[in-house]
Number of protein chains: 2
Amino acid sequence: MTDKIKVVLVDDQCLCRQGLSELLSNCYGFDVLGATGSIDELRTLLDQKPDLLIVDLRMKPLDGISLLEQLRSEGYLTPAVMLTMSDSEIDLGNAIRAGVRGYLLKDMAPDEVVDAIRRVAAGELVVAPTMTVKMIEMLRGDQPEQGPKDSFKLLTEREREILQLLSRGESNKAIALTLHISYDTVKQHVRHILNKLNLSSRVKAAVLFTKEQGMSNNEEPLTRN
Amino acid sequence: MTDKIKVVLVDDQCLCRQGLSELLSNCYGFDVLGATGSIDELRTLLDQKPDLLIVDLRMKPLDGISLLEQLRSEGYLTPAVMLTMSDSEIDLGNAIRAGVRGYLLKDMAPDEVVDAIRRVAAGELVVAPTMTVKMIEMLRGDQPEQGPKDSFKLLTEREREILQLLSRGESNKAIALTLHISYDTVKQHVRHILNKLNLSSRVKAAVLFTKEQGMSNNEEPLTRN
DNA sequence: AGCTTATTTACCCGTTTGGGTTATGCTTTA
DNA sequence: TAAAGCATAACCCAAACGGGTAAATAAGCT
């Protein structure tokens with residue numbers, strides 16, 4: 001008989017943490033070393049050499065993927081499963097590229113989750129059934145995905161216009177003045193941009209856009225203020 | 001006898017605006033069409049076809065240079081004088097590149113200012129005496145300036161490290177976690193970065209850095225959250 | 001005539017930023 | 001030894017931002 005599977009849960013939402021912790025603790029074969037939303041606490045838990053990390057994707061201030069990348073860069077290579085609410089293929093892609101061994105959805109049935117985790121621990125690579133469809137679409141090149149360039153096509157003309165100003169470092173208020181529209185409208189556009197590009201801050205949007213734009217146009221320097 | 005010089009003052013600080021307005025109004029040969037800190041009001045003033053704009057550099061939300069660029073792009077080519085507190089050679093450089101006909105300092109003696117404005121209106125290109133030194137230094141290549149690449153040399157190693165994370169879209173809190181230092185320390189570093197690069201927002205810093213970095217390293221995609 | 005999408009505006013709320021200031025160790029340089 | 005620079009940290013405050021929600025108008029498609 002194999003040893004119990006030692007898992008550590010990382011989620012900044014206390015409820016999910018506790019829920020899954022309960023669930024796994026009551027299942028045969030699991031040893032929940034700890035459940036935390038704090039990186040520092042996570043580090044101490046890692047000393048107990050878990051077999052598997054179960055990580056939430058959307059966390060503040062550091063999302064699951066960045067967290068994993070950081071741990072990897074520090075030498076912690078413990079396999080990880082992403083457990084998240086997001087059914088976005090973009091998130092899935094990012095997670096896979098970050099090397100997770102599983103991508104599970106929080107709305108899966110409890111036993112499905114447990115089963116999936118068990119399979120990952122056994123070495124399988126498990127993706128939530130709902131997501132496999134999206135994976136196939138991605139691979140089939142339905143939307144070649146990958147290239148963020150394509151993401152920009154999702155934006156409307158106006159949104160691209162705003163993204164451009166945003167990428168020049170202009171504040172929402174400044175953009176409003178420039179385009180002669182209200183501050184609230186700009187905010188709304190920015191919200192849409194962030195949603196469509198699946199980003200969470202204007203800085204990321206600006207950087208992404210800048211990279212894609214290429215340094216083709218190096219005209220005006222960024223000005224103070 | 002020539003007509004009076006029709007000037008429009010643009011400054012978001014009411015005091016300076018009024019002060020200069022008073023000053024010029026009491027001088028022979030000036031016709032102050034208006035003094036405003038609002039862009040909309042400025043537009044209506046422009047209908048009176050001023051001969052000269054006197055613009056402050058540091059204004060919120062749109063700085064003087066951006067403002068000028070915007071006006072230029074709309075077809076208003078009225079000559080402009082920059083009147084500012086900043087004795088930074090970087091600001092001077094930006095202003096000159098933006099095509100201002102004069103760069104004056106707010107701490108110049110009143111009659112000097114008036115005189116300088118008169119000369120600009122007459123077609124001269126006037127730079128505050130204090131600043132000419134800096135101009136010469138710039139030209140002499142003391143710091144070849146220009147290339148923002150050089151600006152980064154002003155940053156310490158730590159600051160560059162933080163700028164890099166900042167340019168990945170990480171929040172101050174996330175950077176703090178990543179580097180295992182306090183949130184306040186990160187803020188302090190960011191402040192220094194913005195000061196040294198003469199920028200006013202992390203977005204500008206991120207974009208600048210991204211452009212300089214070149215898209216050489218396209219590894220990790222920006223992740224949600 | 002309905003339906004969808006794009007654009008616009010507004011309000012509320014909590015978090016993040018930017019700026020000012022102060023201060024303590026540590027290293028390097030004058 | 002003194003001065004200067006760096007990394008660290010803390011506190012305060014006002015402004016900006018991100019997210020949720022709602023809604024009005026216009027244009028286009030079915």
Side-chain angles (χ1 to χ4, degrees), chain A residues 12-13 37 58-63 85-86 152-163 165-207 222-225, chain B residues 12-13 58-63 85-86 88 152-163 165-207 222-225:
Chain A
D12 60 348
Q13 288 168 24
R58 307 268 168 112
M59 288 189 296
K60 302 205 136 177
L62 211 55
D63 64 289
M85 276 172 26
S86 166
F152 293 120
K153 290 186 193 146
L154 292 176
L155 302 184
T156 66
E157 239 182 85
R158 196 54 155 173
E159 284 161 357
R160 266 190 297 276
E161 198 176 355
I162 277 162
L163 177 55
L165 293 171
L166 188 161
S167 298
R168 298 207 51 71
E170 290 200 23
S171 68
N172 289 338
K173 202 182 286 187
I175 295 173
L177 282 171
T178 301
L179 299 181
H180 310 305
I181 57 180
S182 98
Y183 172 64
D184 287 303
T185 304
V186 176
K187 284 182 64 179
Q188 185 69 308
H189 284 308
V190 172
R191 263 191 292 274
H192 286 155
I193 292 170
L194 294 183
N195 278 332
K196 291 187 181 178
L197 300 184
N198 201 243
L199 300 171
S200 62
S201 86
R202 59 175 41 234
V203 181
K204 290 186 181 181
V207 169
L222 298 166
T223 55
R224 162 88 199 174
N225 206 334
Chain B
D12 60 347
Q13 288 168 23
R58 307 267 169 114
M59 289 189 295
K60 305 204 127 172
L62 212 57
D63 64 290
M85 277 171 26
S86 166
S88 152
F152 293 120
K153 291 186 191 143
L154 293 175
L155 302 184
T156 66
E157 241 182 83
R158 196 54 156 171
E159 284 160 356
R160 267 191 297 275
E161 199 176 355
I162 277 160
L163 177 54
L165 292 172
L166 188 161
S167 298
R168 300 206 52 71
E170 291 199 23
S171 68
N172 289 338
K173 203 181 286 186
I175 295 174
L177 282 171
T178 301
L179 299 181
H180 310 303
I181 58 180
S182 98
Y183 172 65
D184 287 304
T185 304
V186 175
K187 285 182 61 178
Q188 186 69 304
H189 284 307
V190 171
R191 262 191 292 275
H192 286 154
I193 292 170
L194 294 182
N195 277 332
K196 289 187 181 177
L197 300 184
N198 200 245
L199 300 171
S200 61
S201 85
R202 60 175 39 233
V203 180
K204 290 184 182 180
V207 170
L222 297 166
T223 56
R224 161 89 198 175
N225 205 340

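Chain identifiers are assigned alphabetically (A, B, ...) following the order of the sequence lines, protein sequences preceding nucleic acid strands; residue numbering begins at 1 within each chain. Because the structure is a prediction, the values reported are computed rather than measured.
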base_contact_polar (dT7(C) base, Gln188(A) side chain, donor-acceptor, <3.5 Å): no

Touch class at under 4.0 angstrom, heavy-atom based, for His189(A) against every strand present: base

Ser88(B): side-chain contact (heavy atoms from CB on, under 4.5 Å) partners, not counting sequence neighbours: Ser86(B), Ile90(B), Asp91(B), Asn198(B)

Side-chain touch Phe152(A)/Leu197(A), heavy atoms, less than 4.5 angstrom: yes

Interatomic distance where CG belongs to Asn172(B) and P belongs to dT8(D) [whole Å]: 14 Å

Sugar-phosphate only, base, or nothing, as touched by Thr156(A) at under 4.0 Å among non-hydrogen atoms: sugar-phosphate

Cationic N near anionic O, under 4.0 Å, Arg160(B) to Glu157(B): no

Distance in angstrom units between Ile162(B) CD1 and dT16(C) P, rounded: 17 Å

Nucleotide nearest Asp184(A) (side chain, heavy atoms from C-beta), chosen from dC11(C), dA16(D), dG19(D): dC11(C)

Whole-Å distance separating the CZ atom of Arg202(A) from the C1' atom of dG18(D): 10 Å

Between P of dT25(D) and CZ of Arg158(A), the distance in whole Å: 19 Å

Under 3.5 Å donor-acceptor pair, Arg191(A) side-chain atoms to dG19(D) base atoms: yes

Nucleotide nearest Tyr183(B) when distance is taken to its side chain, options dT16(C), dT8(C), dG18(D): dT16(C)

Closest to side chain of Leu194(B), choosing from dT7(C), dG19(D), dG18(C): dG18(C)

Value in whole Å for how far the P atom of dT5(C) lies from CD of Glu157(A): 18 Å

Sugar-phosphate, base or nothing in reach of Lys187(A), heavy atoms under 4.0 Å: base

